[in-house]
Peer 1: 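For reference, the structure I am asking about is given below.
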Amino acid sequence: MSASPPDLKARATSKAAGLPGVKHVIAVASGKGGVGKSTTSCNLALGFATLGLKTGILDADIYGPSLPKLFGLRGKPRQLGPRMLEPMERFGVKVMSIGFLVEEDSAMIWRGAMVISAITQMLREVAWNDLDILVVDLPPGTGDAQLTMAQQVPLAGAVIVSTPQDIALIDARRGIAMFEKVSIPILGLIENMSSFCCPACNRVTPIFGHGGARLEAESRGIPFLGEIPLDIQIRETSDDGRPIVAVEPDGIHARRYIGIARDIWTAIETGAAHRPPPRIVIE
Ligand code: ADP
């Protein structure tokens, strides 16, 4: 009788298992912090919900969970059984974050294994139930958490958020390379803080440059999903726990987020996401 090597078998099982009741899982990633990844994840999730999709969002940013604040949520999730938690819910989106479960500073010192265990639990021991799409807000960078996601869940694809300038794009490139390495389709690149329109004089200023992410996407053959401007309303509503897509769904910014959500959904449903090119292996 031949037995398959335990590590390979475990990997195959976890890949195949998926998440019960969840149709698609997508990751939102960025190469570095502070580019607006969580703000974008939150508004995209609300965009999916606005399209009538049953939506959840998981805050996998263990070292800096910001979804409780973005969604204006406090308190602890309800326990449904010995090993099952009920996600919180706001604006029609199911939300789970390590920020609901541990004191703000305690996760900061966790090592890789603890981070992996926490993310795995939040994926598998939360009653996500019946969802069309689960958005996972990944921590910035290309470390353990991202690789865990890639190995634990069959991701429909990854969205990369970047600001337009070179320094942020260099980091975004690392993120793209990481997903390509583990064969996860890239759903596209979003340029956040793309330009600033002065509310007093209407003059547009490209504070962090403009168009860098579009050029990067074009040169790599990756879909460019759109630009989100640097805007005080986006910042204020986020900090207030009233994200712009929830409070002003017909406004100019919300319409952009919803449009991007629609394009992502279409790409997932039609299988049109960018796949890494086949590799030629010379033996
Ligand atoms: P990250 O998740 O990449 O670390 P956040 O989403 O936490 O970044 O955003 C960092 C800060 O930038 C927050 O204060 C947020 O409100 C602000 N921010 C994000 N995107 C925009 C935007 N398009 N316009 C204005 N402020 C933004």
Side-chain angles (χ1 to χ4, degrees), residues 26-47 57-73 93 95 97-99 104 107-108 115 119 135-143 145-146 149 158-165 167-176 178 189-200 203-214 224-248 251-261:
I26 66 164
V28 178
S30 68
K32 67 192 277 262
V35 298
K37 172 186 51 62
S38 297
T39 307
T40 309
S41 307
C42 160
N43 281 298
L44 282 181
L46 290 160
I57 185 163
L58 167 60
D59 194 351
D61 199 344
I62 300 283
Y63 296 117
S66 42
L67 291 192
K69 187 176 174 204
L70 277 163
F71 277 85
L73 278 167
V93 172
V95 186
S97 169
I98 196 77
E104 205 157 293
M108 299 295 283
V115 171
I119 293 177
V135 177
V136 179
D137 181 17
L138 286 184
T142 47
Q146 294 84 342
M149 285 300 306
V159 173
I160 315 278
V161 180
S162 179
T163 48
Q165 77 271 40
I167 185 75
L169 282 169
I170 289 166
D171 291 304
R173 242 167 255 155
R174 282 200 202 112
I176 293 169
M178 187 198 77
L189 205 56
I190 296 177
E191 182 165 293
N192 189 39
M193 307 189 186
S194 188
S195 53
F196 170 72
C197 179
C198 171
R203 199 179 133 151
V204 176
T205 313
I207 292 184
F208 299 115
H210 176 241
R214 181 190 290 275
F224 180 66
L225 293 166
E227 297 170 357
I228 304 291
L230 179 69
D231 190 278
I232 182 90
Q233 237 195 324
I234 296 179
R235 213 273 305 146
E236 281 179 348
T237 50
S238 298
D239 285 357
D240 250 18
R242 301 175 308 113
I244 194 117
V245 174
V247 296
E248 242 187 70
I252 180 165
H253 302 310
R255 277 192 274 126
R256 282 192 188 212
Y257 284 117
I258 295 166
I260 294 174

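Order of listing sets the numbers, starting from 1, for every ligand and every atom in it. Quick caveat: nothing in here was measured; it's all calculated off a predicted structure.
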Peer 1: Tell me whether the count of non-hydrogen atoms from other residues, nucleotides or ligands lying under 6.0 Å of CD1 in Ile252 goes above 12.
Peer 2: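 12 or below, so no.
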Peer 1: If I compare all heavy atoms of Pro140 with all of Lys37, which pair ends up nearest, and what's the gap?
Peer 2: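 It is N-CE, 3.9 Å.
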Peer 1: Applying side-chain hydrogen bond (donor to acceptor under 3.5 Å, both in side chains), can you list everything that pairs with Ser66, at least two apart in sequence or on another chain?
Peer 2: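 Partners of Ser66 under the side-chain hydrogen bond (donor to acceptor under 3.5 Å, both in side chains) test: Ser38.
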Peer 1: Not counting sequence neighbours, which residues clear salt bridge (charged side-chain N to carboxylate O under 4.0 Å, His left out) with Arg235? List them please.
Peer 2: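 Salt bridge (charged side-chain N to carboxylate O under 4.0 Å, His left out) check on Arg235 returns Asp239.
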Peer 1: Could you list the residues that satisfy salt bridge (charged side-chain N to carboxylate O under 4.0 Å, His left out) with Asp231, not counting sequence neighbours?
Peer 2: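 Partners of Asp231 under the salt bridge (charged side-chain N to carboxylate O under 4.0 Å, His left out) test: none.
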Peer 1: Between Gly47 and Ala261, what is the shortest heavy-atom contact and its length?
Peer 2: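 Here Gly47 and Ala261 meet closest at C-CB, 3.9 Å.
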Peer 1: Measure from every N or O atom of ligand 1 to the protein's N or O atoms and keep only the pairs below 3.5 Å, writing each with atom names and distance to 0.1 Å.
Peer 2:
| unit_1 | atom_1 | unit_2 | atom_2 | d |
| --- | --- | --- | --- | --- |
| ligand 1 | 2 (O) | Lys37 | N | 3.4 |
| ligand 1 | 2 (O) | Ser38 | N | 2.9 |
| ligand 1 | 2 (O) | Ser38 | OG | 3.0 |
| ligand 1 | 3 (O) | Gly34 | N | 3.2 |
| ligand 1 | 3 (O) | Val35 | N | 3.0 |
| ligand 1 | 3 (O) | Gly36 | N | 2.9 |
| ligand 1 | 3 (O) | Lys37 | N | 2.8 |
| ligand 1 | 4 (O) | Gly34 | N | 2.8 |
| ligand 1 | 6 (O) | Ser38 | N | 3.3 |
| ligand 1 | 6 (O) | Thr39 | N | 2.8 |
| ligand 1 | 6 (O) | Thr39 | OG1 | 2.6 |
| ligand 1 | 8 (O) | Gly36 | N | 3.0 |
| ligand 1 | 20 (N) | Asn192 | ND2 | 3.0 |
| ligand 1 | 23 (N) | Asn192 | OD1 | 3.0 |
| ligand 1 | 23 (N) | Pro229 | O | 2.8 |
| ligand 1 | 24 (N) | Asp231 | N | 3.0 |
| ligand 1 | 24 (N) | Asp231 | O | 3.4 |

